[in-house]
Amino acid sequence: PTPDQAGETWQVWDGSERKWVDAVGVRAKLQLEVKKPAAGHSRDKAKSKHQVGDLVGEMVRGALSRSMQHSVADEEASPHAMATAMRPSEATIDIEFEGLTVSIPSGSKRNPVKKLLDGATGRISAGRVTAIMGPSGAGKTTLMTALADRVDYAKVTGVTRLNNEERPMSMVKRIMGFVPQEDTMHRNLTVKENLKYYAWLKKDSRSSYKDANALVDRVLLAMNLVEVRHTLIGDENKRGISGGQRKRVNVAIELMGSPVILFLDEPTSGLDSTSAEELCATLSFLAESGMTIAMVIHQPRYEAFVKID
């Protein structure tokens, strides 16, 4: 820390709280930036240099480039307003697939190939929540993982189109989010610490840590997690957030990568009707921003089913 002009106190810039704080007793704290106001300038002018600008612009080049709007979360905004404000400004992605087949060797000479998925055809539109439904063993998760380009154990054939142009799904993998059925978060960290951890890992070279922290604030509000942002995730031995909140944190973690496409594997499994309805409502809000959302859902309750487009 550097003494201020009066030479009486030391202050540092807290990037997470976006304000100057006294540095007395502060030894090491993540995300603190030291900044001394230049002579002849007010503290507000020096502070303005640290204001968070618009978040990362282009995630991919060309037709898939986009930027995030509303750089700093408005603490008084509603989750619905903040979710719909996370709008891809230049492009959305419609996905079409035709004859999608996933096959593995069967080990039998008579039938050497076993098809896990046979000739699936369909469309997932931007700005809508699409549900992949069917009985157990129908291939719902296989279809979604094939579309997400996450099948490395089998051969995938068929045609995929992005915005009516034949393109492989690997082309958009960098702007694609995948929420697994299992929790993938650190149980001994708080909700906000988890999101910051993933935001810092997923940020690209064109964005700063301030941009990543601003995204965390926006997503906390959009996912209705502001009230529990300082609560530990918890585990079997330590009390933490509820099951429904944990599912929303899982979704929020994927939003740290600013995806245009979001796949979810049975996000409502194990949730009560109220939590399932809240999660589906949040996904519906995100879809209004232009995001392409598809999820596997098994035996949905009526309250959750009506939230699906």
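In what follows, every heavy atom counts, from backbone to side chain, and hydrogens, waters and symmetry copies are set aside.
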Quiz item: Are any of the side-chain heavy atoms of Met185 and Glu193 separated by less than 4.5 Å?
Solution: no
Quiz item: Under 3.5 Å, is there a donor-acceptor pair linking the side chains of Ser275 and Asp272?
Solution: yes
Practice problem: Please report the closest heavy-atom contact between Val219 and Ala252, naming both atoms and the distance. | Solution: CG1-CB, 3.5 Å
Side-chain polar contacts of residues 264-271 - donor-acceptor pairs under 3.5 angstrom, sequence neighbours left out - could you list them?
| residue | atom | partner | partner atom | Å |
| --- | --- | --- | --- | --- |
| Asp265 | OD1 | Thr141 | OG1 | 3.3 |
| Glu266 | OE1 | Ser269 | OG | 2.8 |

Quiz item: Would a 4.5 Å heavy-atom cut-off, applied to side chains only, mark Leu232 and Arg187 as touching?
Solution: no
Quiz item: Is there side-chain contact between Asn188 and Lys238, with at least one heavy-atom pair below 4.5 Å?
Solution: yes
Quiz item: Looking only at heavy atoms, which two atoms of Pro168 and Thr160 are closest? And how far apart?
Solution: CA-OG1, 3.8 Å
Quiz prompt | Test item: Arg229 side-chain N/O and Val226 main-chain N/O as donor-acceptor pair under 3.5 Å | solution = yes
Self-check item: Contact summary for Ala126 and Thr92, nearest pair of heavy atoms
Solution: CB-CB, 3.7 Å
Quiz item: For Glu165, which residues count as a side chain to side chain donor-acceptor pair (under 3.5 Å) partner, sequence neighbours excluded?
Solution: Arg167
Quiz prompt | With Ala120 via side chain to side chain contact (heavy atoms under 4.5 Å, CB included) - residues at least two apart | solution = Phe97, Leu100, Leu117, Leu143
Quiz item: Do the non-hydrogen side-chain atoms of Leu215 and Arg218 ever get within less than 4.5 Å of each other?
Solution: yes
Self-check item: Nearest heavy-atom neighbours spanning Met256 and Ala199
Solution: SD-CB, 3.5 Å
Quiz item: Between the main-chain N or O of Tyr197 and the side-chain N or O of Asn194, is there a donor-acceptor pair closer than 3.5 Å?
Solution: no
Quiz prompt | Gap between atom CG of Leu283 and atom CG of Leu279 - 0.5 Å precision | solution = 4.5 Å
Quiz item: Is there a side-chain contact between Ile308 and Ile297, using heavy atoms and a 4.5 Å cut-off?
Solution: yes
Self-check item: Point-to-point distance, once rounded to the nearest 0.5 Å, from CG of Leu262 to CG of Leu286
Solution: 7.5 Å
Practice problem: Report the distance from atom OG1 of Thr282 to atom CG of Asn224, rounding to the nearest 0.5 Å. | Solution: 6.5 Å
Quiz item: Ala294 and Met144: which non-hydrogen atoms are nearest, and at how many Å?
Solution: O-SD, 4.1 Å
Under 3.5 Å, sequence neighbours excluded: what are the donor-acceptor pairs made by side chains of residues 148-157?
none

Quiz item: Distance-only, no hydrogens or angles: does the Thr101 side chain make a donor-acceptor pair with backbone N or O of Gly119 under 3.5 Å?
Solution: yes
Quiz item: Which heavy atom of Gly240 sits nearest a heavy atom of Thr231, and at what distance?
Solution: C-CG2, 4.4 Å
Quiz prompt | Partner set under side chain to side chain donor-acceptor pair (under 3.5 Å) for Arg161, not counting sequence neighbours | solution = Glu98
Quiz item: In Å, rounded to the nearest 0.5 Å, how long is the span from CG of Leu195 to CD1 of Ile253?
Solution: 6.5 Å
Quiz item: Sequence neighbours excluded, which residues qualify as ring pair (Phe, Tyr, Trp, His ring centres under 6.0 Å) partners of Phe305?
Solution: none
Quiz item: What residues form a side chain to side chain contact (heavy atoms under 4.5 Å, CB included) with Asp309, not counting sequence neighbours?
Solution: Arg128, Val129
Self-check item: Electrostatic pair Glu278:Lys307 at N-O distance under 4.0 angstrom
Solution: no
Quiz item: Quick one: hydrophobic cluster around Val306, which other residues, with the 4.5 Å side-chain cut-off, linked directly or via members?
Solution: Tyr302
Quiz item: How are the rings of Tyr198 and His186 set to each other: parallel, tilted or perpendicular (split at 30° and 60°)?
Solution: tilted
Practice problem: For Asp183, check side chain to side chain donor-acceptor pair (under 3.5 Å) against everything at least two apart and list the hits. | Solution: Asn250
Quiz item: Atom CZ in Phe263, atom CG in Leu147: separation rounded to 0.5 Å?
Solution: 5.0 Å
Exercise. Using the test side chain to side chain contact (heavy atoms under 4.5 Å, CB included), find all partners of Ser136 that sit at least two apart in sequence or belong to another chain.
Key: His298
Self-check item: Verify same cluster id: Val216, Leu201 (apolar side-chain graph, 4.5 Å)
Solution: yes
Quiz item: Would a distance-only check, ignoring hydrogens and angles, find a side-chain to backbone donor-acceptor pair under 3.5 Å from Arg246 to Ile233?
Solution: yes
Self-check item: Distance (rounded to the nearest 0.5 Å) between Ile93 CD1 and Asn163 CG
Solution: 6.5 Å
Exercise. Using atom types as modelled and distance alone, determine if a side-chain donor or acceptor of Lys140 lies under 3.5 Å from a backbone N or O of Gly134.
Key: yes
Practice problem: Identify, with sequence neighbours excluded, every residue that meets side chain to side chain donor-acceptor pair (under 3.5 Å) alongside Thr130. | Solution: none
Quiz item: What pairs meet the side-chain hydrogen bond (donor to acceptor under 3.5 Å, both in side chains) rule with one or both residues in residues 113-122, with sequence neighbours excluded?
Solution: none
Practice problem: Determine whether Ile95 and Leu162 make a side-chain contact, defined as any pair of heavy atoms from C-beta on separated by less than 4.5 Å. | Solution: yes
